[in-house]
Amino acid sequence: MDAQRPAAPAEVLPDDLPFEQAMAQLEEIVRRLERGDVPLDESVAIYERGEALKRHCEALLKRAEARIQTIAVGPDGRAAGTAPLDVE
């Protein structure tokens, strides 16, 4: 069998990665799967890793959104405080 790149490091759990690293790993997994040259067993393993990375990135984004606030404007057009960001 020819030399293949290993799947994403299994010893590093997605929960231990910062958003940027998790997203970079997820993008690499997508590139590899889209190329279609990964053996089936490895495809399944990296797909599962990608799912875990996706969930982790979504959780990090939700936490970040919860921390962002908007400036509330009073009737006179001046800042009247802050309110949670409504992303929906």
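This structure is a prediction, so every number in the text was calculated from the model and none was measured.
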Practice task
Look at atom CZ of R31 and say whether more than 12 heavy atoms of other residues, nucleotides or ligands are closer to it than 6.0 Å.
Solution key: yes

Practice task
Salt-bridge test for E58 and K54: reply yes if a basic N is under 4.0 Å from a carboxylate O, no otherwise.
Solution key: yes

Handout entry: From CZ (R55) to CG (L60), nearest 0.5 Å
Key = 13.0 Å

Problem - Closest approach of D37 to R32 (non-hydrogen atoms, all atoms of both residues) - result: OD1-O, 4.0 Å

Problem - Donor-acceptor under 3.5 Å (H56 side chain, L17 main chain) - result: yes

Handout entry: Gap between atom CG of L61 and atom CE of M23 - 0.5 Å precision
Key = 7.0 Å

Exercise for the section: Group every Ile, Leu, Val, Met, Phe, Trp and Tyr by side-chain heavy-atom contacts under 4.5 Å, then state whether F19 and L26 land in the same group. Expected result: yes

Exercise for the section: Output the distance between atom CG (D15) and atom CG (L53), rounded to the nearest 0.5 Å. Expected result: 10.0 Å

